[in-house]
Amino acid sequence: MADKTAISPTRSEDFPEWYQQIIRAADLAENSETRGCMVIKPWGFAIWELIQSDLDARFKATGHQNAYFPLLIPLAYLEKEADHAEGFATECAVVTHHRLEAEKDPETGKTRMIPSGKLTEPYVIRPTSETIIGAAFSRWIESYRDLPLLINQWANVMRWEMRPRLFLRTAEFLWQEGHTAHETVAEAILETKTMHQVYHDFLRDILAIPAVMGEKTEAERFPGAEMTLTVEAMVQDKKAIQAGTSHYLGQNFSEAQDISFVDRNNKKQFAHTTSWGVSTRLVGTLIMAHSDDDGLVLPPRVAPQQIVIIPVTPKPDTRNAIIDACNALANTLRTHTFHGQPLRVHVDSRDLGGGQKKWEWVKKGVPIRLEIGPRDLESRKVCVSRRDQAHNDKTFVNREEFLQQVQETLDSIHQNLLARTSSFREHNTQPCSSFDAFEQHWSRPNPGWLLTPWAGSRQEEEKLSKEHKITIRCLPLAEQKGDEAPCILTGKATKQRALWGRSY
RNA sequence: CGGGGAGUAGCUCAGCUUGGUAGAGCGCCGGCUUUGGGAGCCGGAUGUCGCAGGUUCGAAUCCUGUCUCCCCGACCA
């Protein structure tokens, strides 16, 4: 039993299957009858809500306001920006009717609903909202005094993906999309960079994931963007996952949609726009970054419950006293705060075996488990287990001492997870200057990332990508100021560095 | 959307080749015994066999269509 894992298969045996088992064991989500769409269950949704509320505060702190735009976009809107239209064309769900008519089968007597009332102008279910928000912007913006316009929307979007995977790629997903309009290029680019930094900091400070900040190459850019900035995370199978993007859209959308204003010299100008977003994919990223073979591992700041107290009640006569003590401790803990919010504490007093409860919370990834039994009651101690340590590790701590150190302990769990993911990424990211070594690298199982000098063309990039099933994840911002070196493919001297990897 | 696999109890699956209208383990519920631990024994409940047609006296089983899931590709947050 000692070496048996709660999740089977393990990460090393079958990573994709392990991922799905984590979701099930932690009760995060399940597939629905609707193709490619998931039901997000309470534990999974609570994680998303925590992500949402933290990000929302960051958006507001940087001057943005929330608003809401229609789910359905007139087809014609999508035809306005050519690159954009082409980029999303293959994954759009289209609404073509507005009524159902009941039709009774004369033989079986069953009623079937037949779409009728065909629309002359079909609608597209938003795959992203640049076009419909742009249409509003063009009405709202008249003068330079109306700028900047800084809007965010929390919404669901739909992209008819061919290979859905829970959280990582679902046909419908939840996200936020920021859309802003600015007077000048410089302001718009500053906005793009600001939100890029917001995403990076959020990933580090809330999800305990170190992301590489970089710019996408032209081939990987958002359809219709002039510049796409990305935060790239590495998960435990060494693949990359694009955790968030921030786009400078130039005047492409403003020209297409007439988002124009009269400037300080009484001249008509097109606004410079940006858009940026993160999605429920963050939950998938979180799972794959931290979880282990015993289940989900949650960084404390996105744990729906940060501390679970399990009463150990071996004897009926002390049972009530123990449960009272657990509730009292929980209430005291709830008066403590962690990063400005009351601690989230749960007492699991269900009438179940202790082992069963323990494993449930291990699998759900709760950062701290406390057990209190008769002996602890007498000695005024609590038995503490941390999710970032082995499931059978426990330390007995004085109750007062635990209360004093609880924030510190949660912070230490966060730091420990961050240190773990950081060193994993560092160990699996290698500089590479030889083309032979580069090509050999990708034939290995689970290859990590390579950082190479790169001065190739878009065509050359796409050819290499196809050949090795890799992509340039980004041109990391921190790596572009070094010495010149020969491009790995063309040999041309360049300061540019590209980060290559397999990705989700 | 191409190639492969699969849909039978909450979960994992057997039964299907050779049609005769359902089974196991785990889980669930109850009882007793246990209790620093995912315990034991006894008893119990649960399925229009993905959906729709067809063949047949009779279909989980054969045929056709369709939907969904998984794996590989192309596409992607």
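Note that these values count all heavy atoms, side chains included, but never hydrogens, waters or copies made by symmetry. Per chain, numbering begins at 1; letters A, B, ... match sequence-line order.
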If the [atom1] atom of [N] is compared with that of [M], how far apart are they to the nearest Å?
N	M	atom1	value
B:rG31	B:rU48	C1'	34 Å
B:rG44	B:rG65	C1'	41 Å
B:rA77	B:rG2	P	23 Å
B:rU18	B:rU61	P	14 Å
B:rC49	B:rG7	C1'	10 Å
B:rG3	B:rG40	P	48 Å
B:rA45	B:rC26	C1'	16 Å
B:rA14	B:rA9	C1'	13 Å

Of the residues in residues 371-380 of chain A, which ones touch RNA chain B at a heavy-atom distance under 4.0 Å?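 Heavy-atom contacts with RNA chain B come from A:Glu371, A:Gly373, A:Pro374, A:Arg375, A:Asp376.
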Going 5' to 3' along nucleotides 70-76 of chain B, which nucleotides have protein heavy atoms under 4.0 Å from the base (write B), which only from the sugar-phosphate (write S), and which from neither (write -)? SSBBBBB
Closer than 4.0 Å, any side-chain N/O of A:Gln356 to the OP1 or OP2 of B:rC28? yes
So, is A:Arg369 close to the B:rG36 phosphate, meaning a side-chain N or O under 4.0 Å from OP1 or OP2? no
Indicate, with a heavy-atom threshold strictly under 4.0 Å, whether A:Thr170 touches base, sugar-phosphate, or nothing. base
Test item: A:Ser246 side-chain N/O and A:Leu229 main-chain N/O as donor-acceptor pair under 3.5 Å: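 Judged by distance alone, no pair lies under 3.5 Å.
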Nearest-Å distance for atom pair [atom1]/[atom2], residues [X] and [N]:
X	N	atom1	atom2	answer
A:Arg35	B:rG7	CZ	C1'	17 Å
A:Met38	B:rU68	CE	P	17 Å
A:Asn392	B:rG38	CG	C1'	13 Å
A:Asp294	B:rG38	CG	C1'	12 Å
A:Glu360	B:rG27	CD	P	13 Å
A:Lys358	B:rA39	NZ	C1'	15 Å
A:Asn156	B:rA77	CG	C1'	14 Å
A:Arg350	B:rG37	CZ	C1'	14 Å

If we call it a pair only when both distances are under 3.5 Å in a Watson-Crick or G-U wobble match, what pairs with [N]?
N	result
B:rC11	B:rG25
B:rG20	B:rC57
B:rC1	B:rG73
B:rU68	B:rA6
B:rG38	none

Run the side-chain contact (heavy atoms from CB on, under 4.5 Å) check on A:Ile309 and A:Leu329 step by step: do they pass? CA-CA 9 Å; A:Ile309 305 176; A:Leu329 179 60; 4.2 Å; yes
Going by distance alone, is a donor N or O of one side chain under 3.5 Å from an acceptor N or O of the other, for [X] and [Y]?
X	Y	result
A:Thr170	A:Glu172	no
A:Glu461	A:Thr217	yes
A:Asn446	A:Arg502	no
A:Thr194	A:His196	no
A:Thr471	A:Arg473	yes

A:Lys239 charged N/C atom sitting above A:Tyr504 aromatic ring, 6.0 Å / 45°: yes
What residues form a ring-ring contact (aromatic ring centres under 6.0 Å, His included) with A:Phe222, not counting sequence neighbours? A:His84, A:Phe88, A:His247
Look at atom CD of A:Glu467 and say whether more than 12 heavy atoms of other residues, nucleotides or ligands are closer to it than 6.0 Å. yes
Test side chain to side chain donor-acceptor pair (under 3.5 Å) applied to A:Trp154 and A:Asp56, step by step: CA-CA 9 Å; A:Trp154 288 97; A:Asp56 199 62; 2.8 Å; yes
Assuming nearest nucleotide by heavy-atom distance, tell me which of A:Thr34 and A:Thr280 is located more 5' along RNA chain B.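 First, find each residue's nearest nucleotide; the 5'-ward one identifies A:Thr34.
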Pick the nucleotide of RNA chain B nearest each of A:Gln21 and A:Trp160; which residue has the one closer to the 5' end? A:Gln21
Mark yes or no for a side-chain to base donor-acceptor pair under 3.5 Å between A:Lys357 and B:rG36, with no hydrogen or angle criteria applied.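 There is none.
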Indicate whether A:Phe173 forms a stack on B:rA77; treat it as stacked only if centroid distance is below 5.5 angstrom and interplanar angle below 30 degrees.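 The base of B:rA77 is stacked with A:Phe173 (centres under 5.5 Å, planes under 30°).
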How are the rings of A:Trp442 and A:Phe438 set relative to one another: parallel (under 30°), tilted (30 to 60°) or perpendicular (over 60°)?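 Plane angle over 60°, so perpendicular.
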